[in-house]
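Quick caveat, the model's predicted, so the values are computed rather than measured.
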Amino acid sequence: MPDAAGSLSHLAYLSLENLIVTLRLKPGALVTEKQLIDMAGQGRTPVREAIQKLAWQGLVLVRPRVGLQIAEIRPDDHAHIVAIRQKLEPMAAALVATGASDEQRTALLACAQEMTGCAVTGDIGRFLAADKAFDEIMEEACPNTFLTAALAPVQTHFRRIWYSKASLEQMDQSISLHVGVIRAIQQGNAEAAETAMQTLINHVYQT
């Protein structure tokens, strides 16, 4: 259980990550720490810790004598990210199917319900928040921390690329495939979870 400071840092991270993913912090934009503090709605220390995490993930670049810059989206990012996800994410799903706790399975089911609600309302921003929650639950439930450390940054980079071209049809398809992964995990079926995740990643490769 994270302490209060850790929770504030995570809230600051989630807030800034969402601003980057939804392009409200535009690729290539120069920003100051003060601006990010105001946007995150948290204190200086939590925001600094959030910036450190975003910098480690390659989403924020620290420019000496210039300040902070939001990372650009490069033309080959999509293909490079999906290549990693195709190899690693099905493996993680299989591990979660057999290793997740009852509490984590319940949280994933709540994610499926939240995503399904997004399909009804057509709310892409809300879907992205649910997708982030899905990734974090999967990370917590996966026993291989080296695997999740490799996946976490590319998932956020991909979420931003996906949002830049997103449509309601793409969101609906993604929701259906996420629910398929969650269903297999609920059943404790590692092989089905691996296959369902591979299908999901193959779909995002085509978008």
Side-chain angles (χ1 to χ4, degrees), residues 2 5-89 92 111 115 118 123-140 142 145-166 170-171 174 178 200-201 204-205 207:
S7 296
L8 291 176
S9 297
H10 189 60
L11 287 173
Y13 164 76
L14 289 176
S15 178
L16 295 177
E17 192 251 21
N18 184 259
L19 290 170
I20 293 170
V21 164
T22 57
L23 306 179
R24 284 174 284 177
L25 282 170
K26 297 186 182 302
L30 292 172
V31 293
T32 65
E33 183 183 272
K34 175 66 165 58
Q35 287 174 311
L36 297 184
I37 290 170
D38 291 342
M39 290 177 175
Q42 299 292 340
R44 179 171 296 169
T45 298
V47 170
R48 282 183 174 174
E49 291 173 355
I51 291 169
Q52 288 175 354
K53 183 172 182 178
L54 290 165
W56 171 75
Q57 291 184 330
L59 289 159
V60 171
L61 308 176
V62 180
R63 301 293 193 192
R65 297 182 298 279
V66 175
L68 304 170
Q69 183 177 27
I70 308 304
E72 298 275 8
I73 298 176
R74 296 169 298 186
D76 54 358
D77 281 352
H78 182 274
H80 289 170
I81 289 166
V82 172
I84 295 170
R85 294 187 70 187
Q86 282 178 322
K87 295 292 185 183
L88 299 185
E89 219 149 341
C111 270
M115 288 181 179
C118 296
D123 191 333
I124 292 176
R126 182 178 156 200
F127 165 68
L128 283 172
D131 184 51
K132 177 64 175 176
F134 170 82
D135 287 342
E136 291 198 331
I137 298 163
M138 294 287 286
E139 179 179 353
E140 180 185 300
C142 182
T145 56
F146 295 100
L147 181 56
T148 55
L151 279 172
V154 296
Q155 288 168 335
T156 294
H157 279 276
F158 181 81
R159 199 174 291 112
R160 180 169 67 150
I161 294 170
W162 183 88
Y163 181 81
S164 71
K165 303 183 266 188
Q170 289 170 339
M171 182 183 74
S174 184
H178 275 85
L200 171 59
I201 302 304
V204 301
Y205 180 73
T207 59

Calculate, to the nearest 0.5 Å, the distance between atoms CD1 and CD1 belonging to I73 and I161 respectively. 5.5 Å
Please list all pairs passing the salt bridge (charged side-chain N to carboxylate O under 4.0 Å, His left out) test where one or both residues lie in residues 57-73, with sequence neighbours left out. none
Test side-chain contact (heavy atoms from CB on, under 4.5 Å), reference L68, set I51, L54, T32, output is I51
For A130, all residues meeting side chain to side chain contact (heavy atoms under 4.5 Å, CB included), sequence neighbours excluded: E114, M115
Quick one: are T156 and D135 in side-chain contact, heavy atoms under 4.5 Å? no
Check the angle between the aromatic planes of H78 and F158 and answer parallel, tilted or perpendicular using the 30° and 60° thresholds. tilted
Of all heavy-atom pairs linking A149 and P153, the shortest is O-CD, 3.2 Å
Between the CG atom in L11 and the OG atom in S7, the distance rounded to the nearest 0.5 Å is 6.5 Å
Partner set under ring-ring contact (aromatic ring centres under 6.0 Å, His included) for Y163, not counting sequence neighbours: none
Heavy-atom closest contact (G58 atom, A71 atom, distance): O-CB, 3.2 Å
Those residues at least two apart in sequence (or on a different chain) that pass side chain to side chain contact (heavy atoms under 4.5 Å, CB included) with H157 are L59, I81, R160
Stepwise, does the side chain to side chain contact (heavy atoms under 4.5 Å, CB included) test hold for M138 with Q155? CA-CA 12 Å; M138 294 287 286; Q155 288 168 335; over 6 Å; no
Mind listing the side-chain donor-acceptor pairs of residues 38-46 below 3.5 Å, one per line with the distance, residues two or more places apart or on another chain?
unit_1: D38; atom_1: OD1; unit_2: K34; atom_2: NZ; d: 3.3
unit_1: D38; atom_1: OD2; unit_2: K34; atom_2: NZ; d: 2.9

Listed partners of E17 passing salt bridge (charged side-chain N to carboxylate O under 4.0 Å, His left out), at least two apart: K132, R159
Does H178 reach the side chain of L200, with side-chain heavy atoms less than 4.5 Å apart? yes
Looking at CG of L88 and CD1 of I201, how far apart are the two atoms once the value is rounded to the nearest 0.5 Å? 10.0 Å
Taking N18's backbone N and O only, do any of them form a donor-acceptor pair with T22's side chain (distance below 3.5 Å, no angle check)? yes
Does the side chain of L16 reach to within under 4.5 Å of the side chain of V47, using non-hydrogen atoms? yes
Would you name the heavy atoms of F127 and S174 that are closest together and state the gap between them? CZ-OG, 3.5 Å
To the nearest 0.5 angstrom, please state how far the NZ atom of K26 sits from the CG atom of L19. 11.5 Å
Closest approach of Q57 to Y13 (non-hydrogen atoms, all atoms of both residues): OE1-OH, 3.0 Å
To the nearest 0.5 Å, what is the distance between CG on L151 and CD on E139? 8.5 Å
